[in-house]
Amino acid sequence: GNVSHYGGDRKIRQNHGVMVKQAKYVFIHENRFHDFWGDAVMLWGTTEPSSDARISHNSFKDDSRADIALISAEHVKVNDNTFEKNVRFESVHGEPDDESQIERNILIYNNTLVGGGISFTAQRYRGEGDNPNVQHIDVVHNTIHAAQILMQRTPFCNVFDDDIINPSS
């Protein structure tokens, strides 16, 4: 990942499991990820996003950063995964580094999360109207224990039919 750009603790936190950069038709399934200092799975892109990806039937346990980080990605499905976290960082985390990166047409469904929630945040858009690069993120039919869902500056998104149990613990 970005290990060479950082020193100290941040250098350790950039040790990721699976990094996908500007790739299409990616399937990540039936894996077990645990104890990563960085993100377990990261989808990103620079001039173009990673797209048409499916992340399903994996288990994630005790990763220090995001279990799944969507930095620049579109047409992504994240489903039927299990997540267990003891640290306060989201299990599924979307955060483009700048306003030109994309978070679009993402579906998060049928996952079970314990201790780590779901968050999508976008950089402040400087253009007129809604940011066309960050839209249509749906969070549906998940079970979330002791965590929350955060959607910030993400227009045209849906959060429905999720079981959110004791988000403040």
Side-chain angles (χ1 to χ4, degrees), residues 1-109 111-123 131 133-139 142 144 147 149-154 157:
N2 300 322
V3 172
S4 63
H5 298 288
Y6 305 106
D9 181 50
R10 185 136 189 216
K11 183 176 181 180
I12 293 170
R13 290 183 285 135
Q14 294 298 322
N15 291 328
H16 308 297
V18 175
M19 287 187 69
V20 177
K21 179 181 178 184
Q22 289 179 270
K24 289 187 176 193
Y25 309 111
V26 176
F27 299 96
I28 300 170
H29 59 94
E30 296 183 30
N31 298 290
R32 289 147 308 284
F33 297 91
H34 58 87
D35 300 311
F36 278 91
W37 279 94
D39 303 319
V41 175
M42 177 190 286
L43 271 62
W44 68 297
T46 51
T47 57
E48 291 185 27
S50 291
S51 66
D52 302 293
R54 185 155 191 181
I55 303 170
S56 66
H57 298 91
N58 299 289
S59 67
F60 299 86
K61 186 172 181 176
D62 292 333
D63 298 315
S64 293
R65 290 179 46 97
D67 296 305
I68 299 173
L70 304 174
I71 306 303
S72 189
E74 68 178 340
H75 304 291
V76 176
K77 292 181 180 178
V78 176
N79 65 287
D80 297 298
N81 298 288
T82 59
F83 302 88
E84 293 180 51
K85 289 186 95 60
N86 288 317
V87 297
R88 289 291 180 198
F89 202 95
E90 292 82 13
S91 291
V92 179
H93 181 68
E95 183 177 3
D97 290 330
D98 62 55
E99 67 182 37
S100 68
Q101 289 181 317
I102 291 174
E103 263 178 15
R104 191 169 50 212
N105 299 314
I106 297 171
L107 177 59
I108 312 294
Y109 68 101
N111 299 287
T112 301
L113 302 92
V114 177
I118 298 170
S119 74
F120 283 87
T121 59
Q123 301 295 328
N131 185 343
N133 291 338
V134 180
Q135 296 186 357
H136 304 288
I137 301 166
D138 295 332
V139 178
N142 299 286
I144 302 170
I149 298 171
L150 169 66
M151 307 295 272
Q152 181 177 348
R153 293 190 291 271
T154 53
C157 296

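In this text the structure is predicted, and so the values were computed from the model without any measurement.
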Show the nearest heavy-atom pair for residues Ala147 and Gly115, with the distance to one decimal.
CB-C, 4.0 Å
Stepwise side chain to side chain donor-acceptor pair (under 3.5 Å) check, Asp67 with Ser91
CA-CA 5 Å; Asp67 296 305; Ser91 291; 3.2 Å; yes
Contacts satisfying side-chain hydrogen bond (donor to acceptor under 3.5 Å, both in side chains) that involve residues 23-32 (not counting sequence neighbours) are Asn31-Asn58
Can you see which heavy atom on Trp44 is nearest to which on Ser50, and at what distance?
O-OG, 2.8 Å
Please evaluate residues Val20 and Ile28 with respect to the criterion side-chain contact (heavy atoms from CB on, under 4.5 Å), reporting the C-alpha separation (whole Å), side-chain torsions for both, the decisive distance (0.1 Å), and the verdict.
CA-CA 10 Å; Val20 177; Ile28 300 170; 4.2 Å; yes
Side-chain heavy-atom pair Thr121, Thr154 within 4.5 angstrom cut-off:
no
Could you go step by step and tell me if Tyr109 and Lys77 meet the side-chain contact (heavy atoms from CB on, under 4.5 Å) rule?
CA-CA 8 Å; Tyr109 68 101; Lys77 292 181 180 178; 4.2 Å; yes
Min side-chain heavy-atom separation Phe36-Val18 under 4.5 Å
no
Are side-chain N/O atoms of His93 and Ser119 paired as donor and acceptor at under 3.5 Å?
yes
Spatial distance of atom CZ (Phe60) from atom NE2 (His34) [nearest 0.5 Å]
12.0 Å
Restricting to non-hydrogen atoms, name the atom on Val134 and the atom on Pro96 that form the minimum distance, rounded to 0.1 Å.
CG2-CG, 4.2 Å
Check for a donor-acceptor pair, side chain of Glu95 on one end and backbone N or O of Ile71 on the other, with a separation under 3.5 Å.
no
Point-to-point distance, once rounded to the nearest 0.5 Å, from CD1 of Ile55 to CD1 of Ile68:
4.5 Å
Consider side-chain hydrogen bond (donor to acceptor under 3.5 Å, both in side chains). Of Arg104, His136, Gln135, which one does Glu74 pass it with?
Arg104
What are the two closest non-hydrogen atoms of Ser72 and Gly45, and how far apart are they?
CB-N, 3.5 Å
Heavy-atom pair with the smallest gap, counting every atom of Gly116 and Lys85
CA-CD, 3.8 Å
Sub-3.5 Å donor-acceptor pair from the side chain of Asn131 to the main-chain atoms of Asn133, do we have one?
yes
Distance col, row Asp62:CG vs Phe83:CZ, nearest 0.5 angstrom, shows 13.5 Å
Nearest-0.5 Å distance that lies between atom CG in Leu150 and atom CZ in Phe120:
10.5 Å
Kindly say whether Ile108 contributes a backbone atom to a donor-acceptor pair with the side chain of Asn142 at under 3.5 angstrom?
yes
Is it true that a side-chain atom of Asp63 and a backbone atom of Asp35 form a donor plus acceptor pair closer than 3.5 Å?
yes
Say you draw a straight line from CD1 of Ile149 to CD1 of Ile118; how long is it, rounded to the nearest 0.5 Å?
5.0 Å
Sub-3.5 Å donor-acceptor pair from the side chain of Asn79 to the main-chain atoms of Asn111, do we have one?
no
Shortest non-hydrogen contact from His57 toward Asn81
N-OD1, 3.3 Å
Rounded to the nearest 0.5 Å, what separation is found between the CG atom of Leu43 and the NZ atom of Lys21?
13.0 Å
